[in-house]
Amino acid sequence: MHRRVPAALMVLLAPLTAAGCAEPVPVPLPCTETIEVDDTPGWVRGSATYEAPEFPWYSQQKAETLREAVLDALPSRAEVDQLDFGGLPTGTGNSSIDGSATAWSNVETPRGVGSLIMSVQHSTEPIPPCTKGYTLRREQWPDGTIVEHHRDEYGTVIDHGVTVYKPDGSRVTARSTNQHTDQDTMTDTFADQPALSLDELTRIATAAGVDAQPVDG
């Protein structure tokens with residue numbers, strides 16, 4: 001899933017403690033280092049598969065497991081159109097895209113209508129620096145999980161989300177926007193805020209089964 005280029009940070013969101021989790025502790029190296037992002041557009045080419053030898057954690061069964069885990073973690077009154085994880089992109093030459101299982105759906109909640117975008121991959125690379133104008137904050141939980149909150153605005157779209165770096169190498173991003181696309185007319189409408197809050201996105205991204213580990217058996 002491609003992310004649009006970060007815009008200037010507009011709103012500082014309050015610190016977040018996920019429900020049911022221990023009080024988070026500061027990351028040893030907080031977000032004092034930032035990088036600029038190249039906004040040059042481009043295309044990537046490759047293929048998609050459920051059975052890539054270089055990504056043994058993924059399969060059609062894992063895709064279904066991811067889907068069910070995300071649906072179970074949604075707020076009780078959230079409604080989605082569909083949320084199917086497809087084959088893994090491979091051979092693009094881009095490590096941030098190759099091996100990333102993604103899913104997208106319109107979503108409706110008491111906050112309004114918008115979208116939910118999920119991305120799951122396994123990585124042994126170091127956690128990247130914060131992105132200037134995009135990263136809001138990072139925190140580390142007692143089990144070593146690092147949770148990053150980010151926000152972006154481009155045109156009429158408000159896009160915020162949570163990226164989770166798990167000790168087992170799983171990297172999960174859950175994003176929500178205020179943009180809703182009518183699948184019949186392919187027209188877009190825009191709410192005042194994203195359909196899912198940062199608290200809700202954190203619960204989704206840290207839910208059991210939302211990871212880059214193979215399904216047992």
Side-chain angles (χ1 to χ4, degrees), residues 1 3-4 6-7 9-27 30-31 65-83 85 101-121 127-128 130-131 133-154 156-168 170-180 190-212:
M1 177 66 65
R3 176 176 65 77
R4 295 292 297 272
L9 183 61
M10 303 297 290
V11 179
L12 292 177
L13 301 180
L16 173 154
T17 300
C21 296
E23 184 72 18
V25 297
V27 178
C31 290
T65 299
L66 284 172
R67 178 179 182 274
E68 292 302 321
V70 171
L71 292 178
D72 287 346
L74 285 171
S76 59
R77 290 193 287 171
E79 296 183 4
V80 297
D81 294 338
Q82 60 181 12
L83 195 73
F85 286 84
T102 60
W104 171 92
S105 178
N106 285 321
V107 60
E108 182 173 358
T109 72
R111 289 167 57 93
V113 293
S115 62
L116 170 64
I117 306 100
M118 296 294 305
S119 175
V120 181
Q121 67 178 154
I127 295 175
C130 299
T131 303
Y134 180 69
T135 305
L136 296 176
R137 65 178 297 225
R138 281 180 178 169
E139 61 189 24
Q140 186 174 40
W141 290 4
D143 67 353
T145 298
I146 293 177
V147 179
E148 174 181 304
H149 310 146
H150 38 81
R151 180 181 174 96
D152 199 2
E153 295 191 23
Y154 37 92
T156 54
V157 177
I158 303 171
D159 179 345
H160 69 201
V162 175
T163 295
V164 175
Y165 303 90
K166 299 186 179 184
D168 64 11
S170 300
R171 295 192 178 185
V172 180
T173 296
R175 291 167 41 213
S176 183
T177 75
N178 64 331
Q179 180 178 359
H180 178 273
F190 301 90
D192 293 333
Q193 61 183 340
L196 295 164
S197 69
L198 282 172
D199 282 343
E200 292 165 339
L201 291 170
T202 298
R203 284 192 287 272
I204 293 169
T206 58
V210 183
D211 55 38

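The chain is numbered in sequence order, starting from 1. Reckoned from all heavy atoms, side chains included, excluding hydrogens, waters and symmetry mates. A quick note: this is a predicted structure, and the numbers were derived from the prediction, not measured.
For D143, the CG atom is densely surrounded, since the number of other residues' heavy atoms within 6.0 Å is greater than 12.
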Evaluate side-chain contact (heavy atoms from CB on, under 4.5 Å) for E200 paired with T109, printing each intermediate quantity in order. CA-CA 11 Å; E200 292 165 339; T109 72; 5.5 Å; no
Passes side-chain hydrogen bond (donor to acceptor under 3.5 Å, both in side chains), T173 versus T163? Steps please. CA-CA 4 Å; T173 296; T163 295; 2.9 Å; yes
Step-by-step side-chain contact (heavy atoms from CB on, under 4.5 Å) determination, N106 to E108: CA-CA 7 Å; N106 285 321; E108 182 173 358; over 6 Å; no
Apply side-chain contact (heavy atoms from CB on, under 4.5 Å) to the pair R151 and I158, showing each step before the final yes or no. CA-CA 8 Å; R151 180 181 174 96; I158 303 171; 3.5 Å; yes
side-chain contact (heavy atoms from CB on, under 4.5 Å) for V70 and M118? Distances and angles first, verdict last. CA-CA 9 Å; V70 171; M118 296 294 305; 4.0 Å; yes
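The shortest side-chain heavy-atom distance between W141 and P167 does not fall under the 4.5 Å cut-off. Counting heavy atoms from C-beta outward, T177 and I117 have side chains that approach closer than 4.5 Å. Contact check for E148 versus I127: no side-chain heavy atoms found under the 4.5 Å cut-off. Here the side chains of L66 and L83 are not in contact, with every heavy-atom distance at 4.5 Å or above. At least one side-chain heavy atom of L74 sits under 4.5 Å from a side-chain heavy atom of L116. By the 4.5 Å heavy-atom criterion applied to side chains, V157 and N178 are counted as neighbours.
For the atom pair CD of Q140 and OH of Y165, the computed distance is 13.0 Å after rounding to the nearest 0.5 Å. Rounding to the nearest 0.5 angstrom, the gap separating the CG atom in D199 from the CD1 atom in I204 is 11.0 Å. One distance of note links CD of Q193 with OG of S176; it measures 9.5 Å at 0.5 Å rounding. Summarising the geometry, atom OG1 belonging to T135 is positioned 7.5 Å from atom NE2 belonging to H150; distances are rounded to the nearest 0.5 Å. The CG atom of L71 sits 11.0 Å away from atom CD of Q82, with the distance rounded to the nearest 0.5 Å.
Annotation for G114 and A195: closest pair N-CB, 3.8 Å, computed over non-hydrogen atoms. In terms of heavy atoms, V162 sits closest to H149 at CG2-CD2, 4.1 Å. Listed here is the closest heavy atom pair of L198 and G161: CD2-O, 3.4 Å. Residues A69 and A208 share a closest heavy-atom pair of CB-O, 3.6 Å. Residues A207 and K166 come closest through the heavy atom pair O-NZ, 3.9 Å. The shortest heavy-atom contact between P128 and R138 is O-NH2, 2.7 Å.
Between the side chain of D159 and the backbone N or O of Q179, no donor-acceptor pair lies under 3.5 Å. Using modelled atom types, no side-chain atom of S115 and backbone atom of S105 make a donor-acceptor pair closer than 3.5 Å. Distance alone, capped at 3.5 Å, is enough to place a donor-acceptor pair between the H160 side chain and the L196 backbone. Listed for the R111 side chain is a donor-acceptor partner under 3.5 Å among the backbone atoms of P194.
Within the structure, side chain to side chain donor-acceptor pair (under 3.5 Å) pairs that include any residue of residues 70-79 do not occur (at least two apart or interchain).
The side chain to side chain donor-acceptor pair (under 3.5 Å) check on T65 picks up nothing, with sequence neighbours excluded.
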